Amino acid sequence: MNTCSPDVGTPIVSGAVSSGEATKPEPVELEKGARIREFRKKFKIADIKAGPDQGLNRLGENLVVRGWVRTLRVQSSVTFIEVNDGSCLSNMQCVISSDAEGYDQVESGLISTGASVWVQGTIVTSQGSKQKVELKVDKLVTVGTSDPSFPIQKKRVSREFLRTKAHLRPRTNTFGAVSRVRNALAYATHKFFQENGFVWLSSPIITASDCEGAGEQFCVTTLVPTSREATDSPVNAIPRTKDGLIDWSQCAMCCQAAPVMVPTPQPKTVPHLDLHNAFGSDIYLHDFFGKPAFLTVSGQLNGETYATALTDVYTFGPTFRAENSNTSRHLAEFWMIEPELAFADLEDDMACATAYLQYVVEYILENCKEDMDFFNTWIEKGIIARLSDVVEKRFVQLSYTDAVELLLKAKTAFEFPVAWGCDLQSEHERYITEVVFGGCPVIIRDYPKDIKAFYMRQNDDGKTVAAMDMLVPRVGELIGGSQREERLEYLEQRLDDMKLNKESYWWYLDLRRYGSVPHAGFGLGFERLVQFATGIDNIRDAIPFPRAPGSAEF
């Protein structure tokens with residue numbers, strides 16, 4: 001067996017062992033092994049059509065295009081095949097005549113919508129008006145045929161239908177463009193924070209705390225078996241409190257990890273539930289973590305721990321809400337961007353949020369021109385002008401109290417009544433940014449403490465907290481943030497007032513005991529940002545595979 005020396009990396013052959021001593025391995029010449037070829041980026045349609053010349057600078061070049069057939073038009077003397085490889089919105093029009101190698105695949109019907117192809121040819125000036133160049137085909141190879149049942153044909157289909165075909169919808173113009181803009185926004189997000197000295201943090205997906213205190217979390221447990229018949233399940237034997245909740249004091253993690261059902265007794269270093277009477281044999285039940293565990297709703301609290309050591313950090317990862325909502329604004333699984341800034345107050349937080357949003361919006365306007373033109377034409381007319389306003393206009397800032405006064409004076413009949421102390425709804429937020437301030441982004445600050453989370457810093461008036469929401473046209477709230485409560489006694493009192501268990505937040509309170517500093521941060525739902533940037537009206541179309549109540553396909 002060929003191995004590699006751990007010391008110098010020289011390939012060797014293991015030697016025989018004699019009298020307890022290994023013989024010196026013989027070196028193997030590198031030439032005797034096959035070399036790994038150099039990795040090279042695939043040449044794509046975007047590389048041909050990029051730039052102001054739209055491919056005219058490549059006239060006469062012999063190139064290879066790989067992709068999927070969008071349309072096929074067979075005429076008497078020539079056949080037109082539109083190929084797309086996902087690198088850009090534009091297709092490559094491939095013109096093939098009957099004398100080209102592989103034309104028999106067209107005649108036999110192998111080339112159809114959805115098929116994958118390898119095409120070689122020469123870039124020539126297009127005779128049509130829709131593109132500047134086209135590919136005159138020398139050779140055509142069918143890589144993968146497509147069944148006639150392929151559901152995405154040239155005719156337009158609804159986005160509701162495409163959600164049932166989430167594995168195929170990236171091949172449409174709309175979802176290809178959404179995917180590329182989403183990718184650009186993610187890249188620009190990392191670029192912004194990295195350029196400004198932030199450290200990216202991988203916050204945990206499984207957590208024992210509820211950041212928002214809302215309780216709408218997915219429970220992570222091994223108490224519910226996945227491979228046994230329901231009639232053989234011990235779920236009903238799980239110990240319960242008087243309120244019907246799991247009694248975790250009687251159902252703890254054993255000292256050795258094991259499956260949900262353990263056929264033989266395990267060492268009882270901690271309490272277990274004895275199911276002998278229920279199943280007639282010695283079976284013990286335990287949960288994996290020995291305590292309630294959930295899918296995270298936010299990485300903020302974990303982010304604060306690293307901000308108090310690294311100063312400025314950000315998380316960018318998946319979060320989950322078990323909210324039974326089927327609206328166009330909610331997902332059960334979504335991505336969050338959450339920076340935390342140490343030695344910072346609410347003013348710093350608002351400045352960071354403003355700079356971030358302007359940076360990523362400007363990035364896609366400059367780097368996703370073709371896709372943005374598509375959205376401007378087919379999804380939301382005027383979206384480019386709206387996004388340009390975000391980059392160019394100064395953001396407006398006003399207090400929650402002033403915002404309520406503006407709403408009370410409005411001559412609009414709102415569905416939800418307005419009063420000081422109410423949680424502003426989307427219709428209120430959009431009215432402020434779209435009507436009152438003419439499409440300018442607005443930051444509302446200093447909200448009533450009774451409608452905000454426990455970790456937000458209490459203002460001197462005792463009624464409000466140093467919180468802020470950034471409102472943008474068409475979406476409403478896009479970013480929510482606050483200065484965090486860095487004073488231990490205030491935070492403990494707030495936990496008591498909200499009847500939250502302080503023992504669950506022992507480590508979070510420790511941050512206030514050991515070198516506490518003023519700090520602030522915000523959260524941004526990435527899919528809402530994608531909606532805002534593309535004009536897509538349903539958030540389920542802003543993520544590759546949407547998760548919602550009753551929907552977890554793919």
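Note that these values count all heavy atoms, side chains included, but never hydrogens, waters or copies made by symmetry. Predicted model only: the values in this text are computed from it and were never measured.
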Would you name the heavy atoms of S328 and Q531 that are closest together and state the gap between them? O-NE2, 4.1 Å
Please say whether the positively charged group of R512, taken as NZ for Lys or CZ for Arg, lies over the ring of Y514, i.e. under 6.0 angstrom from the six-membered ring centre and within 45 degrees of the axis. no
After noting the C-alpha distance and the side-chain angles of V360 and I364, does the key distance pass the side chain to side chain contact (heavy atoms under 4.5 Å, CB included) rule? CA-CA 6 Å; V360 297; I364 62 167; over 6 Å; no
Would you call the rings of F320 and F218 parallel, tilted or perpendicular, taking 30° and 60° as the class edges? perpendicular
S298 vs E338, test: side-chain hydrogen bond (donor to acceptor under 3.5 Å, both in side chains). Steps then yes/no. CA-CA 8 Å; S298 169; E338 297 177 287; 2.5 Å; yes
Walk me through it: do T189 and Y356 pass the test side-chain hydrogen bond (donor to acceptor under 3.5 Å, both in side chains)? CA-CA 8 Å; T189 293; Y356 164 76; 2.7 Å; yes
In terms of relative ring orientation, are Y363 and Y187 parallel, tilted or perpendicular, with 30° and 60° separating the classes? tilted
Does a side-chain N-to-carboxylate-O contact under 4.0 Å join R487 and E485? yes
Taking E427 for the side chain and E415 for the main chain, is one N or O donor matched with an acceptor at less than 3.5 Å? yes
Which one of R457, M468, M456 satisfies the side-chain contact (heavy atoms from CB on, under 4.5 Å) criterion with L346? M468
Would you confirm whether the ring centroid of H190 sits within less than 6.0 angstrom of the ring centroid of Y314? yes
Check V396, D389, V391 against K393 for a side-chain contact (heavy atoms from CB on, under 4.5 Å) and give me the one that passes. D389
Taking NZ, NE, NH1 and NH2 as the nitrogens, is one of them in R182 or E527 under 4.0 Å from a carboxylate oxygen of the other? yes
Atom of D541, atom of V178 and distance for their closest heavy-atom approach: O-CG1, 3.6 Å
Under a 4.0 Å threshold between the charged nitrogen and the carboxylate oxygen, would E553 count as salt-bridged to R163? no
